[in-house]
Amino acid sequence: MSAAPPEGRQVVRALVSLKLRLLRNGLRRSPGRAAVYVLGTVAGLLLAAGLALGLALLNGRAGAGDAAVMVTCALVLGWAAVPLFLFSSDESADPTRLTMLPLRPWPLLRGSVLAALIGPGPAVALVLLTGAALAGAHGAASAVTAVIGVPLTVVSVVTLSRAVAAGNARLLSSRRGKDFAIFGGLLFALLVQVANLSFQSTLGRPGESLDLSPFAPFAAVLRWVPPVSALDAARTAGEGHYALALLQLAAGAVLLALLLRWWLASLQQLMVTADASTLEVARGVGQSRGWGFLPAGRTGAVMQRHLRYAWREPRAKAAVFTSIGMTLVVCVLSLVQGWSSVYLVVMAGMFLGLQMVNLFGMDGSAFWMVAATLITPADARDELRGRAYAVLLYAVPVTALLGLVLATATGDWAGFAPALGLALSVLGCAVGLGALFSVVAPYAMPADGNPMRNAAPGQSGLTLLNTFGSMVGVLLLSLPAGGCLAWALATDGPAWLLLLLGPLYGAAAAALGVRVAAGRLLGRLPEILAKAVER
C-alpha cells in the first residue's frame, strides 16, 4: 500500500521544486545578489563550522555539556524569533501565497516541511548542533543517540520557525505586523548585544582559563526543555543514563508532533478562513483633519504628509527607528563597558538628520503626483522645506532627550550644553546635505515594501554614494562647530556658548542645502521620477 496518494506526492514534489526554483531565480536576478548570497552562505557555514569545532574541542572539560545546552537554546530562540522580524524577506515562508490553490492540508504540510529544510539556514543549524552534540558525547551510546537527536533538533527548530510564521501570517503581513517587526528587531538586536556582553563577562577575559561553571544552573533546567533535550540526550546516554536519554528524545519528539499539529491547524485556518480585513463592512470615513500646529500652505501640507509616511510606511518607520536604535545600542554598550560620553548624542543628530536622504525614492510611484504639482521654484522650495521641517520636528526632541539621558547616566552635566549644541549643528548639516543628495543622487526602493531592504537590485553604487558620501559630507560640514568646541575645551573657554552657536550654524547649513537642492529639483524631475517609480 502506498504511503501517500499520488496527489500527495505530486504536491510535495511541487513544493520542493518551487523552493529550489525560488532560490535559483533569486540568484539570477543580478550577479551582485548571487555573489552576496554565495559569500553569505559560505561565511555562515564557516562561522558555524568554527563554533562547532570549538564546542567539539570542549569535550572532556567540566561544563562542556552545559555550554552545548546554552548554545542550542540560543539557536532555538533565534529560529523562533526570525519569522517575527524577517518574515517578509522570505516568500517561501508566507503560506498566504498558497491560499487560492486547491491543496489538501497534509500534503501541503509535508511539502512545506521538506521545502523548509532546503537552504543555508538548516545547513548552518545542522553543523552547529553537531558540534554541540560532540561537546558532551562519550562513547558509542552517545554517537547512536546523537544520530537521532541532532536531526530531530534541526527539524524541530525549522518547524518551530515555520509554525510561528504560519500562526502569525496575517498579522506579520499587515502594516501592524511590520511595525512589530521593526520594534521587535531593534529590541532583539539590543538583547543580543546585552547577552554577548554577559557571555563575555561570564567566560572571563582573554588569557584566563575557561570557566564554564556559571552555565551549570541554567543548563540544569534548560536541558530538560525540548527541543534542547533531544540534543542533550547524547550526553545523557554517554553517562550511562539510557532511560533518561530516551525520555529526552521522547520529549523532543512530542514537541515536534505538537509543532506540526500547530502548523497544520494554522494552514487549515488560512486555507478556509477569509481575512477579517476583507469581511468588514465599508463604513463612512470622516473628513481628514489638518494639524493646527503646522504652518499654513504647501509647507504645512508637506510636513503632514511626510510625518504620516514616517509613522505609517514600514520602510520609513524602519529607517527612523533603526537610527534611534543604533544610537541606543552604542550608548548602552558604552555605559556597560565604561567609556560612555555625553558627546555620543552627536550620533543621534547625524543619523536622524540623514532621514532626508533619498526622500523621493522613499515615495515610490506616488511621487508622480507630487511631481505634477512642482511647477515653480517656490513649489520646489516649499516641498523640500516642508520635508526638512518634518524631520526636525521629531529629530530635535529625540536628540535633546537622548542628551539628557546621557548627561544623567554619565554625570557630565557640564558637557551637556556643548554636546547638544554640536549635535544640533550636525543635525542641521545632515538635513541640508540630505536634501541635496535626494536631488542629485536618488535611488530606487524595492517594490515589496519590505522594511528590511532599503534599495532595489542594481542600486548598490548609488546607495553607497548616499550612505557614505552623506556621512563624510556631514562630518566635513560640521568641522567649524567641532573646531569651536575643541578651541573652547583647550582654552577653558565658555563651551556652553556652542548651545547657541551650534543650532544657528546647523540652521544656516540646512537652509543653504535646501535652497541649493530646490534650485536643481525642477531640472532633475524626470530623472528623479524615473528612479522613484523604478522597481
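In this structure the side chain of L264 reaches within 4.5 angstrom of the side chain of R261, judged on heavy atoms. Between P227 and V76 the shortest side-chain heavy-atom distance falls below 4.5 Å. No side-chain heavy atom of R162 sits less than 4.5 Å from a side-chain heavy atom of V113. Residues L55 and L134 fail the side-chain proximity criterion, which asks for heavy atoms closer than 4.5 Å. Here the side chains of L128 and L75 are in contact, with some heavy-atom distance below 4.5 Å. Looking at heavy atoms from C-beta onward, L359 lies in side-chain contact with H306 at the 4.5 angstrom threshold. Counting heavy atoms from C-beta outward, L126 and V150 have side chains that approach closer than 4.5 Å. Inter-residue side-chain proximity for S112 and W263 is flagged as met; some heavy-atom pair is nearer than 4.5 Å.
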Checklist entry - Can you check side-chain contact (heavy atoms from CB on, under 4.5 Å) on T72 and L129, steps first, answer last? => result CA-CA 7 Å; T72 306; L129 291 175; 3.7 Å; yes
Next on the checklist: Walk me through whether W106 and Q268 qualify under side-chain contact (heavy atoms from CB on, under 4.5 Å).
Outcome noted: CA-CA 9 Å; W106 276 108; Q268 289 176 324; 5.8 Å; no
Checklist entry - Given the rule in the side-chain contact (heavy atoms from CB on, under 4.5 Å) test, do R305 and V370 qualify, once you have shown the distances and angles that lead to the verdict? => result CA-CA 11 Å; R305 183 186 72 226; V370 177; 4.0 Å; yes
Item to check | Verdict with reasoning, V69 to W224, per side-chain contact (heavy atoms from CB on, under 4.5 Å) | outcome: CA-CA 10 Å; V69 166; W224 297 105; over 6 Å; no
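Taking CG from L231 and CG from L152, the interatomic distance works out to 9.5 Å, rounded to the nearest 0.5 Å. One distance of note links OG1 of T399 with CE of M350; it measures 12.0 Å at 0.5 Å rounding. Here Q248 contributes atom CD and D232 contributes atom CG; the two are 4.5 Å apart, rounded to the nearest 0.5 Å. From H241, atom NE2 reaches atom CZ of R235 across 7.5 Å, with rounding to the nearest 0.5 Å. Rounding to the nearest 0.5 Å places CG of L294 at 7.0 Å from CG of L307. Once rounded to the nearest 0.5 Å, the distance linking CZ of R13 with CG of L114 reads 12.0 Å.
Of the possible polar contacts, one joining the S142 side chain to the A234 backbone as a donor-acceptor pair under 3.5 Å is found. Between the S17 side chain and the A14 main chain, no donor and acceptor come within less than 3.5 Å of each other. Side chain of S438 to backbone of M356: a donor-acceptor contact under 3.5 angstrom is found. The main-chain N or O of W262 is found under 3.5 Å from a side-chain atom of S266 such that the two form a donor-acceptor pair.
In terms of heavy-atom proximity, D66 sits nearest to A219 at OD1-CB, 3.5 Å. Contact record, N358 with P442: OD1-CA, 3.6 Å, taken as the closest heavy-atom pair. Nearest heavy atom pair, residue V320 against residue L352, reads O-CD2, 4.3 Å. Between G149 and L249, the closest heavy-atom pair is CA-CD2, 3.8 Å. Taking each heavy atom of L160 and A80 in turn, the nearest pair found is CD2-CB, 3.7 Å. Taking all atoms of both residues into account, the shortest heavy-atom contact from V154 to P122 is CG1-O, 4.2 Å.
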